[in-house]
Amino acid sequence: MSVAGPWALSVHAAIPSPDWSGFDIPLPWGPLRIHAYALCILAGIVVGLWLTARRWAKRGGPADAIWDIAIWAIPAGIIGGRLYHVFSSPDRYFGPGYDGTGDLSAIPRIWEGGLGIWGAVLLGAVGAWIGCRRSGVRLTAFVDAAAPGLLLAQAIGRWGNYFNQELFGGPTDLPWGLQVDADNANFPGGYAPETLFHPTFLYESLWSLAGVVLLLALDRRFRFRGSRLFWLYAAYYTLGRVWIEALRIDDAQMVTIAGVTARLNVWTSLLVFLLAVGVFAVLTARRRSESDDVMLPGREADGEDTGAEAGMRSDAKATTAPDGDAPASDWGAPAPGPGAPMAAGEAAPAASDEAARGRRGGRHSAGADSPEDGSMSQS
């Protein structure tokens, strides 16, 4: 029996369902499917890294560290996000009540959707810590630089849910209600085919974009250090996730606490929100001990060659001989010493102090030609 009513609106007063979810690349052994969901995730990563790199450079961090950290943090975040999704929505993979009737082969099929933000942040942070240790930078400095970029990546990545037609909210009669194809596996039973649903992907995307603007403005005004901006990010995101998650109607683990039953992610969001606010308050009370240094103690030399300083140092190194005693030519060869052949048109090198004193005393230093004999060699 289908549910009709005010939610069954005309097509023009709705966000249409997508008519594209990816494309195929023909290969000799068969087509390679490129999913729109994956493209959204990748686009979010690229744009988030771009913003993080800009902020990191302004903090004076070594440019190469961004990529060294990303190599560890991104794969760890994807693995963590998938694991959290699998174990927070286990029925598909293990069967109801873990009865073994699920499809374990679906676990690695990330392109079908299913990345939990909490697992992504947790394991991603572990990966970032490893990358920071290897690069010699402070994790607290890096996560402050990365917080707005992380939220921007989430805003873009959420559009993958739209193309997969998944994780939408309950029925609505709002003009921005979302159409879902009635023959899609994610269409909930019991509703009329023309029913519209809350576009929770859009709500979270807009919430996250507003958060990016807010974090950048607050950081410009207060110059947060010591991971305080990261904890502000966590508090802001979870505050929005509570009400957005409460709108969703997809299958999820339900947890009852103090007689209140809600989705697992609602309780998780509340817990992380309280934790983030508490940590931010403690760090703010101790902010006098914050440091502007981005490098770990003892690793400061690793971060010296950044920005313009790196270019100046490289120029200086290019004009210094390996032994550090004589300047090098523009091509990296050491400048000719006293008595060495000179290229045509070049001026003779200045004689050493000892040779100059020798001329004043009527003597000639070995290898130094007298101005009177006119025997300066040219090549």
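Keep in mind that the numbers below use all heavy atoms, side chains included, and drop hydrogens, waters and symmetry copies. Along the sequence shown, the residues carry numbers beginning at 1.
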[X]: which residues meet the ring-ring contact (aromatic ring centres under 6.0 Å, His included) condition with it, sequence neighbours left out?
{"X": "F94", "result": "F87, Y98"}
{"X": "F23", "result": "none"}
{"X": "F142", "result": "W56"}
{"X": "W20", "result": "F163"}

*Are the side chains of I249 and H198 in touch, meaning some heavy atoms are under 4.5 Å apart?*
no
*Is there side-chain contact between D144 and R59, with at least one heavy-atom pair below 4.5 Å?*
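When only atoms from C-beta onward are counted, R59 and D144 do touch, with a gap below 4.5 Å.
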*asked:* Give me each pair satisfying salt bridge (Lys or Arg N to Asp or Glu O under 4.0 Å) with a member in residues 20-49, each pair once, sequence neighbours excluded.
replied: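 Sorted result for residues 20-49: D24-R33.
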*Given the rule in the side chain to side chain contact (heavy atoms under 4.5 Å, CB included) test, do D250 and E166 qualify, once you have shown the distances and angles that lead to the verdict?*
CA-CA 8 Å; D250 54 287; E166 62 182 1; over 6 Å; no
*Apply the test side-chain hydrogen bond (donor to acceptor under 3.5 Å, both in side chains) to residues T261 and T256: give CA-CA distance (whole Å), side-chain angles for both, the deciding distance (0.1 Å), then the verdict.*
CA-CA 4 Å; T261 301; T256 301; 2.6 Å; yes
_I need the full list of side-chain hydrogen bond (donor to acceptor under 3.5 Å, both in side chains) pairs touching residues 146-157, with sequence neighbours left out, sorted by first then second residue._
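Residue pairs with at least one partner in residues 146-157: Q154-Y233.
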*Do Y237 and E204 pass the side-chain hydrogen bond (donor to acceptor under 3.5 Å, both in side chains) test, and can you show the C-alpha distance, the side-chain angles, and the key distance before you say yes or no?*
CA-CA 9 Å; Y237 175 75; E204 185 168 330; 2.6 Å; yes
*Chi angles and distances behind the side chain to side chain contact (heavy atoms under 4.5 Å, CB included) call for D68, R134*: CA-CA 8 Å; D68 293 338; R134 292 172 62 90; over 6 Å; no
*Just by modelled atom types, is the Y236 backbone N or O under 3.5 Å from a matching donor or acceptor in the W207 side chain?*
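Yes; at least one donor-acceptor contact below 3.5 Å.
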